[in-house]
Number of protein chains: 4
Amino acid sequence: MMARTQGSSGTATFEAIRKAGLRLIYERGYEAMSLRQLASEIGLVQGSLYNHISTKQELLFILISEHMRDLLQHADLALEEAPKPPSGRLAAFVDFHVNYHIDRKREVFISYSELRSLEPKNFEAIVAMRKDYEKKLILILKAGASEGVFTIADPQAVAFGILSMLAGICTWYNPKGRLSRKQISAIFVELVRGAVYDRTSPLVSRPAKGRAGTLV
Amino acid sequence: MMARTQGSSGTATFEAIRKAGLRLIYERGYEAMSLRQLASEIGLVQGSLYNHISTKQELLFILISEHMRDLLQHADLALEEAPKPPSGRLAAFVDFHVNYHIDRKREVFISYSELRSLEPKNFEAIVAMRKDYEKKLILILKAGASEGVFTIADPQAVAFGILSMLAGICTWYNPKGRLSRKQISAIFVELVRGAVYDRTSPLVSRPAKGRAGTLV
Amino acid sequence: MMARTQGSSGTATFEAIRKAGLRLIYERGYEAMSLRQLASEIGLVQGSLYNHISTKQELLFILISEHMRDLLQHADLALEEAPKPPSGRLAAFVDFHVNYHIDRKREVFISYSELRSLEPKNFEAIVAMRKDYEKKLILILKAGASEGVFTIADPQAVAFGILSMLAGICTWYNPKGRLSRKQISAIFVELVRGAVYDRTSPLVSRPAKGRAGTLV
Amino acid sequence: MMARTQGSSGTATFEAIRKAGLRLIYERGYEAMSLRQLASEIGLVQGSLYNHISTKQELLFILISEHMRDLLQHADLALEEAPKPPSGRLAAFVDFHVNYHIDRKREVFISYSELRSLEPKNFEAIVAMRKDYEKKLILILKAGASEGVFTIADPQAVAFGILSMLAGICTWYNPKGRLSRKQISAIFVELVRGAVYDRTSPLVSRPAKGRAGTLV
DNA sequence: TATGAATGAGCTTTCATTCAT
DNA sequence: CATGAATGAAAGCTCATTCAT
């Protein structure tokens, strides 16, 4: 269903459509964005879009599914390079996640907010990818719990909580804002560490109290 | 501006509109919901809605603003009854927040997701209320930090993180699900406590390791 | 068809409807005036109008037909008091017409401009009354022509021309304007006199040249 | 503001819209004409109109403003060819005006009757053009008055009277009627001449009494 | 007599999509 | 590959009118 129009993917015009579409869906929402707006933003007439995409729905699906594919790929890469212990893997996951969300806040945002605009088939495909991603975190949490370094009341609920917390970043992150991405990453790595850390274990690598002031 | 249509507020029909509107906006989004659908759901003809609301936008604003008003009021009540120490206040805030989000997950969801569908004037009014709410948490965090019982890298970022984490609950909470609201509240109170807890202080009131397993 | 609602004519509310309706139709036109506006102007709710009128169309018909009836009656009165010679009758007619148009400019205006908004039956009734009125002028012109005091190329065309000229007054007359109604009447009586006056006859009662300057 | 839809002006479809729009507005009035009617008259579906006009209001404005532009241009041409003396210029103006009104009675009619349907900005633009046109006549009248060949009580009032008189023609002129356009023009040229003629001057060029009967 | 609410029909406008050129 | 034009459907909203209270 909805095979992409032959030969158009990757062309300059298609990339312009993708870029403008991403921004418009991010700013106004899929339903509120009209193809007239999209076309006029890139100097085309409405009907000309159909030389590059086959439907509006397809454009949304491309944006979301390619983002999810990239997210999964890069998460795997980041985790391959991470240290083996769960605490290190968790920090690596959070650091990767934060940075990826900051870099691609629009893709991240619409991949959440426009799920319901996907047609059933597309919806299911994306939800499956989301679950793959969530599973990566759940596995880390479970590993840490079974090694006794994490205290995890409920791995799924905790994973959802962590992911929600990090997803929120892309709604307020501002490249010109008070906090650098490095600072943000550090803050959230630490927040997550604290949230799951097993306090019966000895403290390690916690930054000295008060140092956080330098972040502000 | 946009005073509610005289004399209709509180009537049975108006309440039916509010209820169906809430559900439809939650399920499909404001843009995707048509007033024809809404009307037919409550056994009216489209035009009859206008005896009760003056515009579609007004309906959205009523739903969101009344929710925010209630949220602020109930948060104040919950905090009045809370113990004075920051750790107790934080737990009370999180517990209140989680429960309120579970009870009114649809209002909570649309108050986030449909912010961008609000006209400028309405948008500003709601954003001001959101900031009032966030401030309540930020003040608790700052109080705990200054008393030395919390480690807070950046109160605003941490507050946003906590609120995002909790907001996520209403996207997956299911009354018939595996976890009760009481369990969920306990899990997240503990997650938040850990996230901000000052580890140089002695541990208090941390549930014994492993007990959480009984939650599942 | 469309008998006026029993017992409402002449009441204070009905008169308020008539007055507001006259103004609104004059300002916006029959099609553009909504009964909601009309009702709200007199402190009623839309549906309440129907205790006083039976349809919007009826209101228009009442306004126009009663105006035409009055116009005919007053024209007859004015002509009864006029001198018998055609030139005097013509002056009397013009003077009456101008003053009546100035006094009731809104009735006059809508009786012209909203003819097409009348349903066929009503339309025909009004057109018949218009013709009665026009006939009064045509008869004066013909009398003057047959007595040799007027030069009338075509009585009907000339009558239409005169009536159109005078009807225009109510589009620009302003009680606070530069010209008084007395001045306006004098100007147009003289214009009409000149337009039809037989120049082979001796001049009579023409104001001295230059006196017109005092009108300004 | 309201630039005409690019590239459609002058096409066959646009001309069909203009033509049908002119007729429908003339027959029913702007408010009473629906775009559904208009579209179906030219074999289009409602929405297709928007490939050629951007709003209903724009269509009205095009019809009126282009008419006014043409009216002004042709009036200038007619006056350029006219003899220099005011009496000749007045006759030329009236002759032009009558013929133009007969030729384009629908444009003329809606340019008067639908003024109030114009949005403020458009309204002002048209009123300015109307004043330009009226000024042409006023200048002729003033010139004749200062040369002593016209008796003009008040140039503006007289100009309005003349224009109203002539405007009325387009409400009753019928190409198959009793009077030809040539006859109508002659009648009104003579009416206007008489209305403003200075009777203290010797009579010139007045048609012999009774000859007018041959017009009927 | 006034009212709030309902109705069915209608309005202008926008939408995603198609297609001949 | 781009365009102008067409389409059917649907959008939010207003209308005159009715009616139980």
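As a basis for the values below, the full set of heavy atoms in this structure was taken, side chains included, without hydrogen atoms, waters or symmetry mates. The sequence lines fix the lettering, A, B, ..., with proteins before strands; numbering per chain opens at 1. Bear in mind the structure is a predicted one, so any value in this text is a computation, not a measurement.
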Side-chain donor-acceptor pair present, D:Glu58, D:Thr55, cut-off under 3.5 Å: no
Rounded distance in Å - CD1 (C:Ile42) to C1' (E:dT1): 13 Å
Atom-pair distance (CZ on A:Arg28; C1' on E:dC15), nearest Å: 15 Å
Proximal nucleotide (of F:dT3, F:dG12, E:dT12) relative to the B:Ser34 side chain: F:dG12
Which residue lies more 5' along DNA chain E, comparing B:Leu44 with D:Lys56 via nearest heavy atoms: B:Leu44
Phosphate-side-chain proximity, A:Thr13 and F:dA2, N/O vs OP1/OP2 below 4.0 Å: yes
C:Gln57 side chain near C:Leu118 side chain, heavy-atom distance below 4.5 Å: yes
Closest-nucleotide 5' rank along DNA chain E - winner of B:Gly47 and D:Met33: B:Gly47
Candidate nucleotides E:dT7, F:dG12, E:dT17, ranked by approach to the side chain of A:Leu35 - the nearest: E:dT17
Base-pairing mate for F:dT21 - Watson-Crick or G-U, with both contacts under 3.5 Å: E:dA2
A:Thr55, nearest nucleotide to its side chain (from E:dT17, F:dA2, F:dG12): E:dT17
First encountered from the 5' end of DNA chain F, between A:Gly43 and B:Ala32: A:Gly43
D:His52 side chain near F:dG4 phosphate (N/O to OP1/OP2, under 4.0 Å): no
Side chains of B:Lys56 and B:Tyr30 in contact at under 4.5 Å (non-hydrogen atoms): yes
A:Ser48 vs F:dT3: side-chain N/O to OP1/OP2 distance below 4.0 Å: yes
Selected nucleotide, minimal atom distance to C:Gln46 side chain, candidates F:dT17, F:dG12, F:dT7: F:dT17
Stepwise side-chain contact (heavy atoms from CB on, under 4.5 Å) test for A:Arg130 and A:Tyr112: CA-CA 10 Å; A:Arg130 292 200 72 86; A:Tyr112 241 166; 2.9 Å; yes
Sugar-phosphate only, base, or nothing, as touched by B:Leu49 at under 4.0 Å among non-hydrogen atoms: nothing
Nucleotide opposite E:dT13 in a Watson-Crick or G-U pair, distances under 3.5 Å: F:dA10
Short side-chain N/O contact to E:dC11 OP1/OP2 from D:Arg36, under 4.0 Å: yes
C:Leu44 side chain near C:Thr13 side chain, heavy-atom distance below 4.5 Å: yes
Nucleotide opposite E:dG8 in a Watson-Crick or G-U pair, distances under 3.5 Å: F:dC15
Whole-Å distance separating the CG atom of C:Asn51 from the P atom of F:dT21: 17 Å
Selection from E:dT14, F:dC13, F:dT7 that lies nearest to any side-chain heavy atom of B:Tyr50: F:dC13
